Each structure stands twice: as C-alpha cells, then as structure tokens.
Amino acid sequence: MKKQFLIISGLAIISASIIFSCKKKGDDNRITPTYKEDATGTGGNPNVGNQTVTGTATITNPATQNSSLLVGGAGWSNPTCISTNSITLKGLNGSIEVTLSFLFPPTSGTYAIAASPNAQACSMTVLNAPNQPAGLVWYGKTGQVVVNTTTTAINASFTGVQCTQQNFNFPAVGVSGNLGCN
C-alpha cells in the first residue's frame with residue numbers, strides 16, 4: 001500500500017508540474033507577428049493616410065533627351081539692368097527663363113559656370129527649357145561666360161554651357177547666346 005501511495009503521489013506531482021508549466025501565456029506587451037486576418041486595424045499600416053516606405057524610393061527622371069537653347073534675339077526680354085546694380089541677368093521668352101547669378105554686380109571679364117557664384121564664377125539656371133518637360137529647372141554645370149560692361153550697358157555671352165537637372169546628369173541642355181541690357 002505504501003508503494004502504491006508513492007507511485008500515485010509521484011504521478012500526481014509530475015501531472016501537476018506539467019499542467020502548471022503549460023499554462024497559457026498572457027499578453028506581455030511584446031510586438032509579435034501575426035496573420036493579417038488575426039490583426040486589428042488596417043492590416044499593418046497604423047496610419048492609412050500616411051503611407052510608410054521602407055528602403056529608398058527610386059526617383060525617375062522625367063526628361064529623356066538632350067536639347068539645346070539659343071538665348072537672346074527676337075522674342076527675348078531682359079528685365080534686369082546694370083543701372084540697378086543687379087547681381088542677376090535674366091532673359092525671358094514665353095515660359096522659358098534663363099538666369100545668370102553673380103556674387104557681385106558683374107564687371108568685364110570671363111566667368112566660369114559653377115554651382116554657386118563666387119568672385120570668378122557665376123551660376124546659370126534654365127526654367128522650362130524647350131523640348132523638355134515643363135516645370136523642370138536645369139542648372140549650369142560646365143562652361144564659360146564672357147561679360148562686357150560699360151557705364152550704360154552689360155552683355156554676357158556664352159557658348160555651349162551644359163545644364164543638367166539637380167539629381168540627374170543626363171540628359172543635358174546646351175545653352176548658347178547672350179543676356180544683357182542697356
């Protein structure tokens with residue numbers, strides 16, 4: 001009898017330890033994966049109006065071909081002038097806008113095209129270049145500008161200035177011509 005009591009007691013202890021160790025786990029506030037059907041909310045994105053992106057988004061270039069632009073002549077207007085001591089020369093023709101920016105009011109000499117103006121360089125931007133998608137801004141990358149100034153006039157001439165978009169080196173817009181006023 002003593003032997004049966006020990007066996008039954010041993011089985012009861014083993015059974016109790018198994019039952020208590022297999023207790024259902026409660027919510028411990030951890031984030032755990034689940035199936036979409038079992039999840040609450042919107043299937044993973046807690047803010048539907050604000051799309052979440054992982055990794056980097058690929059930016060696509062809307063322009064696909066090179067083009068050229070001849071600045072100056074019939075149809076062009078130049079709203080800036082030397083009498084205002086302006087540091088910009090601007091040419092307008094319809095929606096096309098070409099701007100040369102200098103660090104100081106320009107004097108006669110040769111200026112390199114650069115990303116930002118300095119004492120020996122100027123910057124060029126082109127908005128709405130012909131044969132390119134509307135609304136794109138093109139930035140001068142390489143080239144030179146020759147400036148001639150007098151007391152009443154200013155003229156900047158350039159040939160083969162290469163302009164590209166800020167994030168893309170291809171395609172390019174070749175810009176040649178003159179900007180100035182008197």
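These numbers come from a predicted model, not from an experiment.
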Do S67 and Q132 meet the criterion of a side-chain donor-acceptor pair at a distance under 3.5 Å?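 Looking only at side-chain atoms, Q132 and S67 do form a donor-acceptor pair, the distance falling under 3.5 Å.
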
Any chance the side chains of T149 and T107 put a donor and an acceptor closer than 3.5 Å?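 The criterion, which ignores hydrogens and geometry beyond distance, is not satisfied for T107 and T149.
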
For V126 and L69: C-alpha separation, side-chain torsions, deciding distance, then whether side chain to side chain contact (heavy atoms under 4.5 Å, CB included) applies. CA-CA 9 Å; V126 177; L69 171 62; 3.8 Å; yes

Closest non-hydrogen atom pair, [X] against [Y]:
X	Y	value
P62	P133	O-CG, 3.4 Å
G177	L70	CA-CD1, 4.1 Å
W138	A63	CH2-CB, 3.8 Å
I87	P105	CG2-N, 3.6 Å
F158	N178	CZ-N, 4.2 Å
C122	L100	SG-CD2, 4.0 Å

Would N131 and Q65 satisfy side chain to side chain contact (heavy atoms under 4.5 Å, CB included), going step by step from the backbone distance to the final call? CA-CA 8 Å; N131 300 317; Q65 63 185 7; 4.3 Å; yes

Under the 3.5 angstrom rule, does the side chain of [X] hit a backbone N or O of [Y] as a donor-acceptor pair?
X	Y	answer
S101	T88	no
N128	S95	yes
N155	N148	no
N93	I96	no

Interatomic distance, T125 atom OG1 to K90 atom NZ [nearest 0.5 angstrom]: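 It comes to 7.5 Å.
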
Inter-residue atom distance E97.CD - S77.OG, 0.5 Å rounding: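 So the gap between those two atoms works out to 9.5 Å.
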
If hydrophobic clusters are built from ILVMFWY residues whose side chains come within less than 4.5 Å, do [X] and [Y] share one?
X	Y	value
Y111	Y139	no
L136	V175	yes
V161	W76	yes

Does P171 reach the side chain of N66, with side-chain heavy atoms less than 4.5 Å apart?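 SC-SC contact between P171 and N66 confirmed.
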
Using the rule given for side chain to side chain contact (heavy atoms under 4.5 Å, CB included), can you reason through C163 versus M124, listing the C-alpha separation, both sets of side-chain angles and the distance that settles it, and then say yes or no? CA-CA 8 Å; C163 296; M124 176 184 278; 3.9 Å; yes

Between V71 and L179, does a side chain to side chain contact (heavy atoms under 4.5 Å, CB included) hold up when you go through it step by step? CA-CA 7 Å; V71 179; L179 285 177; 3.6 Å; yes

